Chemist: 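Attaching a single structure in structure tokens format; questions to follow.
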Amino acid sequence: MAKAPIAGRVKTRLAPLLGNDGALALHRQLIESTLFRARDAALGAVTLWIDGDITLPEVTTCALRQRVGLQAQQGADLGARMQAAFASTFAKAPERDTRCLLIGSDCPALTPLTLRQAAAALDHHDAVLVPALDGGYVLLGLTRPQPALFAAIAWGTDSVLAATRARVRSAGLRCAELEPLPDLDTPDDYRAALAARWIAA
């Protein structure tokens with residue numbers, strides 16, 4: 001899942017460091033690399049879910065270049081959009097395909113190996129999480145839609161992971177958690193990602 005690549009609307013916390021154009025270039029790089037890693041994991045079909053105009057030439061060209069599906073996110077907030085993406089994916093999946101991983105484009109540390117480990121965890125669990133170091137999560141995998149995990153969450157805060165864990169427990173779901181990973185949102189995140197060579201300057 002990613003925002004449409006429009007200058008001034010993406011990676012805004014990095015604009016003071018990179019400028020609007022630099023933040024946009026980074027956002028494009030993150031989308032492309034995330035799609036490449038998702039495809040490299042070889043787990044099945046990959047879809048790019050865009051928050052914004054999916055008819056933008058840059059968006060359609062990216063989807064074609066990466067050979068992935070393209071869909072518009074639907075919903076009033078992030079939780080509703082994630083739930084809609086899960087519901088749509090499961091509705092269209094073959095009956096035997098009961099695993100779906102949802103990731104954003106803000107975690108260049110997320111590797112194909114981690115994606116495969118998350119998918120394998122769903123063989124014996126109802127859900128899988130890769131926590132983010134900032135209190136959110138960078139991956140959520142499910143074996144079926146779970147609307148209760150997405151309602152009335154304070155998205156964008158450091159309480160997202162804790163709230164999601166509480167919802168998982170309330171729903172009685174078996175949930176696996178993998179090692180936490182860093183998001184890329186702030187100047188410090190950016191410098192750390194450069195040092196780790198997860199991104200190119």
Side-chain angles (χ1 to χ4, degrees), residues 1-6 10-11 24-75 78-123 125-132 136-146 149-150 176-179 181-185 193 198-200:
M1 298 184 77
K3 292 181 180 179
I6 299 173
V10 296
K11 292 293 165 205
L24 175 61
L26 175 63
H27 183 67
R28 291 169 175 155
Q29 179 187 162
L30 290 171
I31 292 174
E32 292 275 0
S33 65
T34 299
L35 291 173
F36 179 84
R37 284 177 278 125
R39 289 178 50 241
D40 194 40
L43 295 170
V46 176
T47 301
L48 172 59
W49 291 83
I50 287 289
D51 178 14
D53 185 359
I54 67 169
T55 68
L56 291 173
E58 185 171 358
V59 171
T60 56
T61 300
C62 174
L64 286 170
R65 182 168 53 248
Q66 292 289 343
R67 302 191 302 279
V68 300
L70 178 60
Q71 294 286 337
Q73 295 181 29
Q74 303 288 336
L78 179 59
R81 294 193 292 272
M82 290 195 290
Q83 164 56 20
F86 273 117
S88 175
T89 300
F90 281 119
K92 296 175 183 176
E95 186 174 342
R96 67 183 181 280
D97 191 358
T98 58
R99 298 182 301 180
C100 180
L101 303 179
L102 187 148
I103 60 176
S105 61
D106 295 338
C107 184
L110 188 65
T111 66
L113 175 60
T114 302
L115 292 171
R116 289 192 287 268
Q117 290 171 336
L122 292 176
D123 288 339
H125 296 81
D126 305 304
V128 60
L129 282 165
V130 176
Y137 54 80
V138 300
L139 176 151
L140 174 63
L142 297 172
T143 57
R144 62 186 185 278
Q146 298 287 351
L149 302 187
F150 305 102
E177 285 197 20
L178 305 186
E179 288 295 315
L181 293 173
D183 272 335
L184 201 173
D185 292 315
W198 293 327
I199 59 170

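Because the structure is a prediction, the values reported are computed rather than measured.
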Chemist: Any side-chain to backbone donor/acceptor pair from His27 onto Lys3? Under 3.5 Å, distance only.
Modeler: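 Here the side-chain-to-backbone pair exists.
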
Chemist: Can you confirm whether Thr114 sits close enough to Leu139 that some side-chain heavy atom of one is under 4.5 Å from a side-chain heavy atom of the other?
Modeler: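 Answer no - side chains too far apart.
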
Chemist: So, for Pro182 and Cys107, which heavy atoms are closest and what is the spacing to 0.1 Å?
Modeler: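 Closest pair (atom of Pro182, atom of Cys107, distance): O-SG, 3.4 Å.
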
Chemist: Taking side chain to side chain contact (heavy atoms under 4.5 Å, CB included) as the criterion, tell me which of Thr34, Asp40, Leu35 meets it with Val46.
Modeler: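 The single option meeting the side chain to side chain contact (heavy atoms under 4.5 Å, CB included) with Val46 is Leu35.
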
Chemist: Which pair of non-hydrogen atoms, one from Leu129 and one from Pro131, has the smallest distance, and what is that distance?
Modeler: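 Closest approach of Leu129 to Pro131: O-CD, 3.6 Å.
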
Chemist: Given Gln83 and Leu149, is the side-chain contact (heavy atoms from CB on, under 4.5 Å) satisfied, shown in steps?
Modeler: CA-CA 8 Å; Gln83 164 56 20; Leu149 302 187; over 6 Å; no

Chemist: What do the steps show when you test Leu48 against Gln66 for side-chain contact (heavy atoms from CB on, under 4.5 Å), and what is the final call?
Modeler: CA-CA 10 Å; Leu48 172 59; Gln66 292 289 343; over 6 Å; no

Chemist: Can you tell me how far the CZ atom of Arg67 sits from the CG atom of Leu64, to the nearest 0.5 Å?
Modeler: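 Answer rounded to 0.5 Å: 11.0 Å.
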
Chemist: Taking all heavy atoms of Pro5 and all of Val59, pick out the closest pair and write down the distance.
Modeler: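 Nearest pair, atom of Pro5 first, then Val59: CD-CG2, 3.6 Å.
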
Chemist: Mark yes or no for whether Thr61, through its side chain, and Glu58, through its backbone, hold a donor-acceptor pair below 3.5 Å.
Modeler: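 Here the side-chain-to-backbone pair does not exist.
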
Chemist: Got a sec: does the CZ of Phe90 have more than 12 other heavy atoms crowding it under 6.0 Å?
Modeler: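 Yes.
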
Chemist: Could you walk me through whether Asp123 and Arg99 pass the side-chain contact (heavy atoms from CB on, under 4.5 Å) test, one step at a time?
Modeler: CA-CA 8 Å; Asp123 288 339; Arg99 298 182 301 180; 3.3 Å; yes

Chemist: Are side-chain heavy atoms of Val138 and Asp106 found at a separation under 4.5 Å?
Modeler: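 Heavy-atom side-chain distance check fails, nothing below 4.5 Å.
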
Chemist: Is the shortest heavy-atom distance from the side chain of Leu184 to the side chain of Trp198 under 4.5 Å?
Modeler: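 SC-SC contact between Leu184 and Trp198 ruled out.
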
Chemist: Using the rule given for side-chain contact (heavy atoms from CB on, under 4.5 Å), can you reason through Leu142 versus Leu102, listing the C-alpha separation, both sets of side-chain angles and the distance that settles it, and then say yes or no?
Modeler: CA-CA 9 Å; Leu142 297 172; Leu102 187 148; over 6 Å; no

Chemist: Can you name the nearest heavy-atom pair linking Gln29 to Ala200, along with the distance?
Modeler: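 Heavy atoms only, the tightest pair is OE1-N, 2.8 Å.
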
Chemist: Hey, could you give me the CG/CG distance between Leu181 and Leu110, rounded to the nearest 0.5 Å?
Modeler: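 One gets 6.0 Å once the value is rounded to the nearest 0.5 Å.
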
Chemist: Nearest 0.5 Å please: distance from the OG atom of Ser33 over to the CG atom of Leu26.
Modeler: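 Answer for the OG-CG pair, Ser33 versus Leu26, is 9.0 Å.
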
Chemist: Looking only at heavy atoms, what is the nearest atom pair of Leu56 and Ala4, with distance?
Modeler: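 So the two residues come closest at CD1-CB, 4.0 Å.
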
Chemist: When you compare the side chain of Leu115 with that of Ile103, does any pair of heavy atoms fall below 4.5 Å?
Modeler: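 Yes. Closest side-chain heavy atoms under 4.5 Å.
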
Chemist: First locate atom SG of Cys100, then atom CG of Leu140, and finally report the distance between them rounded to the nearest 0.5 Å.
Modeler: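 Result: 9.0 Å between the selected atoms.
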
Chemist: To the nearest 0.5 Å, what is the distance between CG (Leu101) and CZ (Phe86)?
Modeler: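 Going from the CG atom of Leu101 to the CZ atom of Phe86 covers 7.5 Å.
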
Chemist: Could you grab the distance from atom CG of Leu24 to atom NZ of Lys11, nearest 0.5 Å is fine?
Modeler: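 Taking CG in Leu24 and NZ in Lys11, the distance rounds to 12.0 Å.
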
Chemist: Which atom pair, heavy atoms only, marks the closest approach of Met1 to Met82?
Modeler: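 Here Met1 and Met82 meet closest at SD-CG, 3.6 Å.
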
Chemist: Has Ser88 got a side-chain atom pairing as donor or acceptor with Ala84's backbone, closer than 3.5 angstrom?
Modeler: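 Looks like no, no N/O pair under 3.5 Å.
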
Chemist: Scan residues 42-54 for pairs that pass side chain to side chain donor-acceptor pair (under 3.5 Å), counting only residues two or more places apart or in two chains.
Modeler: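 As it turns out, the side chain to side chain donor-acceptor pair (under 3.5 Å) pairs with a partner in residues 42-54, which skip direct neighbours, are Asp53-Thr55.
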
